[in-house]
Every structure is written in structure tokens, then in C-alpha cells.
> 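Handing you this structure, nothing more for now.
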There are 4 protein chains.
Amino acid sequence: MPRGWFHPRTATGASSLIPAPPWHYSGDLLTVEYRTDPARVRELLPAPLDLAPEDPGAVALIWADWQSCATTGEELLDPVRSQYKEAFAVVRCAYQGRTYSRCVYIWVDKDFALARGLHQGYPKKLGSIHQTRPHPYGPAPRIEAGAVFGATLAAADRRLAQAVVTLREPSGTNGFVNGHPMAHHRLLPSIEKDGGLALDELVESGASWSEAGQAWRGDADLELFEAPTEELARLEIREPIAAYYRQLGVTWDGGRLLASGTTAP
Amino acid sequence: MPRGWFHPRTATGASSLIPAPPWHYSGDLLTVEYRTDPARVRELLPAPLDLAPEDPGAVALIWADWQSCATTGEELLDPVRSQYKEAFAVVRCAYQGRTYSRCVYIWVDKDFALARGLHQGYPKKLGSIHQTRPHPYGPAPRIEAGAVFGATLAAADRRLAQAVVTLREPSGTNGFVNGHPMAHHRLLPSIEKDGGLALDELVESGASWSEAGQAWRGDADLELFEAPTEELARLEIREPIAAYYRQLGVTWDGGRLLASGTTAP
Amino acid sequence: MPRGWFHPRTATGASSLIPAPPWHYSGDLLTVEYRTDPARVRELLPAPLDLAPEDPGAVALIWADWQSCATTGEELLDPVRSQYKEAFAVVRCAYQGRTYSRCVYIWVDKDFALARGLHQGYPKKLGSIHQTRPHPYGPAPRIEAGAVFGATLAAADRRLAQAVVTLREPSGTNGFVNGHPMAHHRLLPSIEKDGGLALDELVESGASWSEAGQAWRGDADLELFEAPTEELARLEIREPIAAYYRQLGVTWDGGRLLASGTTAP
Amino acid sequence: MPRGWFHPRTATGASSLIPAPPWHYSGDLLTVEYRTDPARVRELLPAPLDLAPEDPGAVALIWADWQSCATTGEELLDPVRSQYKEAFAVVRCAYQGRTYSRCVYIWVDKDFALARGLHQGYPKKLGSIHQTRPHPYGPAPRIEAGAVFGATLAAADRRLAQAVVTLREPSGTNGFVNGHPMAHHRLLPSIEKDGGLALDELVESGASWSEAGQAWRGDADLELFEAPTEELARLEIREPIAAYYRQLGVTWDGGRLLASGTTAP
């Protein structure tokens, strides 16, 4: 019987686009938080999810520069298989009286990251993502007060977002919008025309382990751009909150099914 | 309620990575057929699929250079959203007394193609795919006797396959391995650790419409290369059959569920 | 002594990024001609070049989808080494009483194309270039009245130009702006700081052979976009002229030195 | 008169593919040194260059992960314009009694890096380059004894080299092969067929400023692979020397012309 945690399945399982969790990550997160019209958040939340009770229009736009691997860690030594970048928009929502974070848009630059996102319910597309890297020597910034980092996102040859973040001071948090367990949908249409959904799950997940450096708070100059097939710019910037920078390690090792079949036809 | 045939779902549905079928394609197919050890085909077939009763070791390695769109056709005018290339390996199998084609490996170079494959049960990864294009002027080949086409496949910065095909004569067929309805699995692990499969479907699909030019038959010099995370080369070349070239248009508009829950844990 | 027509030079010459001319091309050209403020053309012409005496504000923005090779043609069979796309802006100028075409901006997507441009005096950068391909089957357009082609250009993750061209009728020409021999500069700064130019040549070149299909004329919807390091949009669109589509084969086999040392410090 | 340090030249100079030096860099260098047959080094050295008098077969294969900028530093905030990776092979040579380093092969992944190399005499091609990044958290390595880094190089969809480096101890040097001023050629053929060289310079350059962290020494498992248009594997591995890892900042600000017209026709 063909084996493998993901497709393609083979006699050995070695071809699987992604190995089984746990998945381990080292990376840098650049986070820009702001408030949009809560109606723009509301329109992205399917029932049974509601707006978060407090600060419902808060958005985090996050850039991440990752190295990742599964249990053996072998991907780290063939880094085309471990390194990827992503940019994603997170809002908060409420489900059964609890507040969750929820990724509403996300772009990554590798197929293994797309596949993991499919499993986790992240609505991933491919994009071109860049963020300034801190470095101890030469012109690149250190992680310190006054340091300036740029971050950009493009997809289908159009720039969708860009930010310039200036660090101001150490921070007790790395922001609050992405700080809850994630509540995501895993949806796949039926293979049959007009057959509804073959998979319709509301799932919860989060890190099973993490460690992190000192978070830094600062401010951001953030711009969002229109594109024919993207609606990130609908999460228009009404009021800046803050920006954050943090280096961290994290492990993801599965989640929990919250509900099935809740999506209206 | 957020709308959209695929993720991400939004108020308008405009962000969906792919629109609903039907999906229409214009493209060129370069096909190399050969025989491998039937045991190498067998090991890729999960129950309840069996080897095809005749010529069970036949393999088609196919390169395709596509332009595709959904109903509005707007992708054709923003061609970064319509053009993609793919290379895929097809074998045959039997299910309930009928012979099916089955794609066992496939690489594409765009995210919308990955997403469509996910829906259709093609086990897609990203790759770098190239094939010589016919052209009426200058040094590129016409589609005619003696014309020579090259085709290459790489993934994760390693070349996986390359072929040089020489056309010999018009052909009544474009090969036989990829000529049946496709029998594919759509599998997704449970979000819960060791939770088995959340989606486990055996599906059938095929073109709902097609038109094609004259097929050409020729011969191929085909090489397959080893790679740490790829097993295409296990489908070792025992005996060449033939190579084919054909231009075609095709529409895909959904399939049929054959069985659910047949995959062993 | 190391050999090779271009770098890197080796004992065999096999590593040269590009072989010696002649270089042969098969490809499709999509051309959009329009008039801009002649002052915007003038500012791009170094002495001793002047504005063309007639229609001095005419611009051609051209997309090309190429397969190319040198004498052996081997690149055609490893198509990652022969296929490339480009978009370029051409104006006209006068030198010693003769009218020349001159490429003022150009983006390509392969290194061998960059290197050839360096030799020929094309001011090449890398970009992401796409154009709809004609196809005899399925949804892609044929080359015929009413056919619609899209074309886009991006660099550094920003879209710089996009066009939608509708073909109307066969045409006796493929436009006039790119119809003269090219007058280009080949410039390289001295390795020494503030050392001026080490290479400062005005050169002329053109096709040494060509063949082409029927040209088609149509009209275009063209948009140019601003970017921090690009000035294509300064060639603002004052008046459309026409759009053209043509398939062709062409050979380039060297040019002629017109003048040296004419560039002011 | 159009301005700009490099092409394309415009009224403002803003389009120049690269600004004038000085160029500043922050980056990580992973170096693998080994000995090859000195004859394989000799065949890459044009007169008047000779083999280095000591250890003439020494080779350094170096991976570098850079962020770079010119005087304003603005590229750092639009990191698609500042970040690039490269892999390059360095040998040593003698000229007029002095020992120089010389880059004989180099691959980069951005056009601005190609253009800078053209100016500096680096024989650059495009490639796909990856190296493990050190990180303070999670599964990626710290820079410490026992840390393991991978590095890979591909071009034209073929893997050309890969290394796995294990750090053993702090080192007083970062290797010796790349430790001299660089002696490079800047060559460009005449635009006229069989016209010889239009530019034929032997130039010297090196860093005008640098700072660096602690170098680490270790050992490497290095593999080189054949490819039709690459000859890196001719620098076959006879005897490993050592591997090194170092983070540094460096500035390049021009060089010196050593000789002109020394290349035989």
C-alpha cells in the first residue's frame, strides 16, 4: 500500500511533499498592527464565527522569514527545502465565547509551505515576499532602537503591500492580534459539479512549543495596493496600532476539530 | 457569508485562488511512453486499485505547456494568471473491471495549477518545466517529420528528467497510457495528530470537451535522475514505446466520486 | 590560454555565458506604438544623437516571446537555455543625417539575454514579462481579426506596464518606430573611482537575416505605472498610434562601431 | 545629457541598474577550501597571470548571503533590491611577483549583482543559491561548535554543487584562498564581427572597509556535479583543506587598472 503523510504516496513515502508533523521553525516576525472598519473584518468571518468582542477591527499584517523542518531536520541542510518567506493578514474572531486569531490572507514562496497551510487551514497563495534581515555587521540593521526594516509583498507581478518599520523600544508583547489559538476552515469542493463541499471543517491549532527573543515595538509606514484578484486592500488602514519585531522558534504538532459541516452552501 | 469557490473566501469571492469549473485549456502536449517493471507501477496503486490487465508496466511521461482560464477568460489577458507548464507521470490501473489512467507524479509552476490539482486529485508539487515550442519561423521547430523537441523537469534545484523527441510521422493516436478517464485519490490528513484521514476519496474525471490537431509520433531519448525527495526514477525505463506531440484544447468540468474511505490507515 | 567568447573563459570555452554570434531567434512580437512628449524622448538621447526629424515623440513598447540559439542550436533542446521573454521601449533618433531606432529601456528574464544585450548595447535589466500566446485550439486566441492578447511587465515585484491588444486587420508593416537600424551605446565605467568611462562606444546593428509572417494591426489599451527605480512611465501616453502582432525569425550577427568617446563626463 | 552611473541612462539618473560605488554589504560567508590539480587552475589563468607560487592548486568555493546598498541605503528598505545570494569559486594567481585571488566562476540571483560583477570583473551568471542561516531560536543552527550548515548551487535547472559544513572551533582566519586583492579581467568583444576585444583590462580591487565577527573553522562534505555548460566540476576535489563560517560587513569602492590589451586574440 503506498505510504506517505501527504501526496504523492509511494512505496517508501519519501516523495511526500511534506512529512508528518511535528514541524519546527526558526524565524523572524515583523508585525504591523492597525485598525480597519470592523465591517471589513466581519465580512470575512463565516458563521458560526463572530467578531471579537473587543477591538474587533484590529488587523495584524505579518511578514515572516522562516527555516523549517520536520523531525529529522534534514531539510535544514538542503535549504531550498527548508527556507521560505510568507506574509499574512490576521484578524480575531469569537467562537463559542472564546476569542481566536484567524488568518484571512496569506502568501508564501514554496510548495511545501502551501501544503502545510492546506493542512492547517491557512488560505495560502504563492507570492514574492521580502523583509530586511537584521545583521551584526555592515549596513543592515541590528535589532535595536532606531533600526529600520522594510517588508514587501507581491503576487502575480503586482505589489500588494509594503511597510517600513522603525523599532523604538523593547516590548512585553509581540502584538495581540495573532496571540490566540487560530480558528481556521479547511474546505474543499466536491469533485462533483454543484456538489457542495467535500470537506468542511472548522479547526483550532497553535504552537505546541515555542521560544523567543526580546520583542521590540515600533511604528510602521504601511501601504496596501489594489489588485484584480486580491482584496487585502479592503482591510483599509483606519488607525495604526504599532509594529513589532521578534525572533523565535516554534513547533506545530496538530490541532483539534471544532466543528464540521457549518459552512452554508 | 464569505464567498468563493476556493480559498481565501471573501465578501465578493474575487480573491479565490481558482474560480469554479469549467476550466478551459489551450496547450501543447509532448508525451514519452515506455515500459517499466510492473512491480514499480503496482507499488504506487492503493487498494482497491489493481494493475491494468494489459501492458501493466506502461508509463507516460508528459510535458504540457498551457494557457488556461475559467468562464470569463479574463486570465488570458493577464497571462501571468493563465500560463503554466507541467510535467507528469501517468500509469494505468483497473477498478471494478474498468481501466483508468492515473497520474502518480506531477510538477507545475503556478499556484492556481496546484490548487486545481488538489481538487482533481493530481499529486502536484512545484517544479521548473520547459519544453521546446514549435514556431513557424526561425530556428525553432515546425511540427513536421524530423522536428526535434527538448523537454526538461527540475524540482528543488535538481534536474529530474529530460527528453529529446524526434517526430517521425502523423499518428492516429497521442499514445494510450493517458487515454482513459483518470482515477485519482483526494486525501487530506485529519487536523488531529494520528487522526487518520479527514478526506479519503477515490474520484474519476476527464475532459468534458476537447479538440485537437494532428498527433505526431516519434521516438525519444529519455533520462530520469535520482533526487532525495523524488521517486520518478524508480519508474525505470525498461523499454521505449514511442513519443507523441499534439496541440489541443480541452475543458474540465468536474468528475464523479467513485468511493470514500477506502484508504487503509 | 583560456578561451570563450564571453565570460567565464576556460580551457574549453564551454562555460561562456553566451557563444559567439550569429544568434538565431524564433518569436512573437506584440508592439504598441504611441506618441509621448518629444521632450521626454529628447532627454534620453545623449549627444551626438538628436531627435528624429519626423514624429519625434513616437514610442514603441514591444513584448517579445523568444526561443534563441547560436550556431549549433543545442540550446533549443534544453529550452531553459533558449527560451526567454522581454519587454522594451524603442524611440527613434538621428545621427549624421540618418534615422535610427534606439532601445531606451528593456527587461528580460534570463542571464544569457542580459549578456547578449550588454554586447549589443541594450540597457537590460531583469523583469517578469508575460504575453498571451496564440494557439490553434481551445480558449487562447488565434492570430485573426478580433483576437485579443494581453501583455504585462514587472520588475522588482512591481508592475510597470500592461497592455490589452485587439487585432483588427492584416497590416503591411509591423509599426515604424523599431524599423530602423539600432543606434546604441556600450558604456562601462572605469574600475578607478571617478575614472570616467572605460568603454564608450556608439554602435549600430540590426538583423542580418529575417523572415516573418503576416503582420496584424490593431489597437491597444496600454497602462504605464510608476516605480522608484524605473522611468518608463515618464514616456507618458499622449496619443495612441496602433498595435501590431507578428511572428518572425531573425538572425543577429554583429554590428558596426559608429563613434567612440562621445559621452560627456 | 542623460545621466546615471550605469545603464539605462536618463534625465534623472534614477533608472540606473546600479548606483555609483561605494557599495556596502552585510552578509554571511560559508567557505569550503580544497586542493585540486594545479593544472586545472593553470588552464583558467590567462597570461600574464601565473600560478601562485605556494599551494597553487588551492580552491575556495564560497557561498554568500548578502544585503547590499549604495550610499543612501534605500535598497535596504525595499529588500528585493538589496538581498541576493551568490556562490563562487576562487583560486590564487601571481602577477608581477604578487599573489592575487581570482574569481573564476560565480553565480548570483539578482540583476544588480550581475551588473556590479560586470564592473568588477566577476564572471557572473544567474543561479539558484541557498545556504542554511544561523538563527538564535528553534531548529536552525547557532554559530557554535557542532553546528551544521548546508549550501547548494544550481543553474539552468541543474544542481552544480552542494556542501554540508560542520563547525568545529573558532579560527584566526576565514581561509587563505580568497584573502588577497582580486585580479580580474574585464573583457567585452567588439561589436564588429571578428573584431577582437573592445575592452580588455586586467584590474585589481578589494574591500575599502570591513568588519567581521569571529571566524569558525570546520570540515565540509563537498560535491561538485557535471553540467553541459558549466565546468566547476573540472576543479575536482583532490584534498580537502577546511571549511569556514564568518559574518561580516564590507565596502567596495573601486579598484585599479593593472594592464590593458594583454589578452591574446
> Heavy atoms only: give me the nearest D/Y137-A/G249 pair and the separation to one decimal.
CB-N, 3.3 Å
> Counting only N and O atoms by type, is there a donor-acceptor contact under 3.5 Å from the side chain of D/T152 to the main-chain atoms of A/D78?
no
> For chain D, which candidate among A/C69, A/G73, A/A163, A/G27 shows the most heavy-atom pairs at distances under 4.5 Å?
A/G27
> Are any of the side-chain heavy atoms of A/D28 and D/H135 separated by less than 4.5 Å?
yes
> Check each atom of A/R159 against the heavy atoms of chain D and say whether the ones under 4.5 Å are side chain, backbone, both or neither.
side chain
> Do D/D65 and A/R133 have side-chain heavy atoms sitting under 4.5 Å apart?
yes
> Looking only at heavy atoms and a cut-off of under 4.5 Å, which of D/L77, D/T251, D/L76 has the most pairs with chain A?
D/L77
> Below 4.5 Å from any heavy atom of chain A, which atoms of D/L248 appear? Answer side chain, backbone, both or neither.
backbone
> Counting C-beta onward and ignoring hydrogens, is there a side-chain heavy-atom pair between D/T132 and A/E75 closer than 4.5 Å?
no
> Counting only non-hydrogen atoms closer than 4.5 Å, does D/V148 touch chain A with its backbone (N, CA, C, O), its side chain (CB onward), both, or neither?
both
> Side chain, backbone, both or neither: which part of D/A212 has a non-hydrogen atom closer than 4.5 Å to chain A?
backbone
> Got a donor-acceptor contact below 3.5 angstrom from the A/Q83 side chain to the D/H130 backbone?
no
> Between A/P79, A/P141, A/A154, A/G150, who has the most heavy-atom pairs with chain D when the cutoff is under 4.5 Å?
A/P79
> Under a 4.5 Å heavy-atom cutoff, which of D/S68, D/A140, D/S82, D/S128 has the most pairs with chain A?
D/A140
> Given the options D/A151, D/S210, D/P136, which has more heavy-atom pairs under 4.5 Å with chain A than any of the others?
D/P136
> Which heavy-atom pair separates D/G138 from A/S26 by the least distance, and what is that distance?
C-OG, 3.1 Å
> Please identify, among D/E211, D/H24, D/Q162, the residue contributing the most non-hydrogen atom pairs under 4.5 Å to chain A.
D/E211
